[in-house]
Amino acid sequence: QVQLVESGGGLVQPGGSLRLSCAASGVFFKFTTMNWYRQPPGKQRELVAVITSSGSTTYADSVKGRFTISRDNAKNTVYLQMDSLKPEDTAVYYCYALTVWGQGTQVTVSS
């Protein structure tokens with residue numbers, strides 16, 4: 001079955017950077033659209049970024065120009081590079097594909 005495992009979250013100061021990883025198994029990864037979502041405290045889960053099998057990307061307006069989604073098909077892994085982080089980026093970040101969610105990784109942006 002499909003499994004998604006995120007890593008790379010943590011505590012970072014405003015203006016800092018983090019890179020999240022999501023390792024996938026049980027899928028034909030190179031043919032699969034991969035997604036990053038996030039759920040801020042007390043709010044609903046929201047789509048952050050998408051990357052298709054062809055490498056096309058889409059971003060939420062709130063992260064455009066600061067976040068970059070990428071994929072390594074040889075490693076069955078999708079990444080989310082997050083730069084110029086703001087306190088409002090604080091959330092649990094989830095990887096999603098083929099109706100399956102990862103367990104999430106906490107990102108906290110605070111001084």
Side-chain angles (χ1 to χ4, degrees):
Q1 68 273 24
V2 178
Q3 287 191 321
L4 304 171
V5 179
E6 302 98 334
S7 61
L11 173 64
V12 63
Q13 292 188 342
S17 297
L18 281 176
R19 189 177 81 155
L20 306 183
S21 300
C22 171
S25 60
V27 296
F28 289 107
F29 182 80
K30 68 178 181 179
F31 299 120
T32 302
T33 293
M34 301 297 296
N35 309 267
W36 283 101
Y37 282 77
R38 68 184 181 186
Q39 187 164 15
K43 297 185 178 180
Q44 292 201 343
R45 200 169 293 190
E46 60 185 14
L47 181 63
V48 175
V50 181
I51 187 165
T52 68
S53 58
S54 64
S56 296
T57 58
T58 306
Y59 297 93
D61 287 343
S62 58
V63 307
K64 279 181 183 175
R66 301 188 298 120
F67 289 12
T68 303
I69 188 171
S70 61
R71 64 191 299 154
D72 185 337
N73 290 337
K75 295 182 178 180
N76 282 13
T77 300
V78 63
Y79 303 98
L80 187 67
Q81 176 67 41
M82 305 186 295
D83 298 318
S84 302
L85 282 161
K86 305 175 181 180
E88 51 264 42
D89 295 318
T90 295
V92 179
Y93 284 72
Y94 296 91
C95 185
Y96 174 82
L98 301 174
T99 75
V100 175
W101 294 93
Q103 84 285 356
T105 186
Q106 176 70 47
V107 172
T108 302
V109 185
S110 175
S111 54

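At least one side-chain heavy atom of Gln103 sits less than 4.5 Å from a side-chain heavy atom of Val5. Here the side chains of Leu47 and Tyr96 are not in contact, with every heavy-atom distance at 4.5 Å or above. Between Val50 and Ile69 the shortest side-chain heavy-atom distance does not fall below 4.5 Å.
A single hydrophobic cluster is seen to contain both Val109 and Leu80, as judged by linkage of ILVMFWY side chains at heavy-atom distances under 4.5 Å, directly or through other members. Taken together through direct or relayed side-chain contacts under 4.5 Å among Ile, Leu, Val, Met, Phe, Trp and Tyr, Val92 and Val48 form parts of separate hydrophobic clusters. Ile51 and Met82 fall within the same hydrophobic cluster, defined by Ile, Leu, Val, Met, Phe, Trp and Tyr side-chain heavy atoms under 4.5 Å apart, directly or through other members. Linking Ile, Leu, Val, Met, Phe, Trp and Tyr residues whenever their side-chain heavy atoms come within less than 4.5 Å places Trp36 and Val2 in a single cluster. Tracing side-chain contacts under 4.5 Å through hydrophobic residues (I, L, V, M, F, W, Y), one never reaches Tyr37 starting from Leu18; they form parts of separate clusters.
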- Task: Go through the steps to decide whether Trp101 and Cys95 satisfy the test side chain to side chain contact (heavy atoms under 4.5 Å, CB included), and finish with yes or no.
- Result: CA-CA 6 Å; Trp101 294 93; Cys95 185; over 6 Å; no
- Message: Please determine whether side chain to side chain contact (heavy atoms under 4.5 Å, CB included) holds for the pair Met34 and Leu4, giving the CA-CA distance in whole Å, both sets of side-chain angles, and the decisive distance to 0.1 Å.
- Response: CA-CA 10 Å; Met34 301 297 296; Leu4 304 171; 4.0 Å; yes
- Message: Quick one, Arg38 with Glu46, criterion side chain to side chain contact (heavy atoms under 4.5 Å, CB included). Give me CA distance, side-chain angles, the key distance, then yes/no.
- Response: CA-CA 5 Å; Arg38 68 184 181 186; Glu46 60 185 14; 2.6 Å; yes
- Audit row: Leu11, Ser110, side chain to side chain contact (heavy atoms under 4.5 Å, CB included) steps and yes/no: CA-CA 7 Å; Leu11 173 64; Ser110 175; 4.2 Å; yes
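Considering every non-hydrogen atom in both Ser84 and Ser17, the closest pair reads N-OG, 4.4 Å. Of all heavy-atom pairs between Thr105 and Gly9, the closest is OG1-N, 3.2 Å. Closest approach of Gln106 to Ala91, counting heavy atoms only: NE2-O, 3.4 Å. Shown here for Ala97 and Thr32, the closest heavy-atom pair between the two residues is CB-CG2, 4.0 Å. Here the closest non-hydrogen pair linking Ala49 and Tyr59 is CB-CD2, 3.7 Å. Residue Tyr94 comes nearest to Arg45 through the heavy atom pair CZ-NH2, 3.5 Å, listed as atom of the first residue, atom of the second, then distance.
To the nearest 0.5 Å, atoms CD (Gln13) and CG (Leu85) are separated by 11.5 Å. Remark: Arg19 CZ to Thr68 OG1 distance equals 11.5 Å, nearest 0.5 Å. Of the inter-residue distances, the one linking Lys64 atom NZ with Thr57 atom OG1 reads 10.0 Å to the nearest 0.5 angstrom. The structure places CZ of Phe67 at 8.0 Å from CG of Leu20, a figure rounded to the nearest 0.5 Å.
The main-chain N or O of Gly104 is found under 3.5 Å from a side-chain atom of Glu6 such that the two form a donor-acceptor pair. Without hydrogens or angle criteria, Asn76 side chain to Phe29 main chain gives no donor-acceptor distance under 3.5 Å.
Here Asp89 does not pair with Lys86 in a salt bridge; the nearest charged N to carboxylate O distance is not below 4.0 Å.
Annotation for Gln1: atom CD does not count as buried by contact number, only 12 or fewer foreign heavy atoms lying within 6.0 Å.
By the side-chain contact (heavy atoms from CB on, under 4.5 Å) test, Lys30 pairs with Asn73, sequence neighbours left out.
A donor-acceptor contact closer than 3.5 angstrom links the side chains of Ser54 and Thr52.
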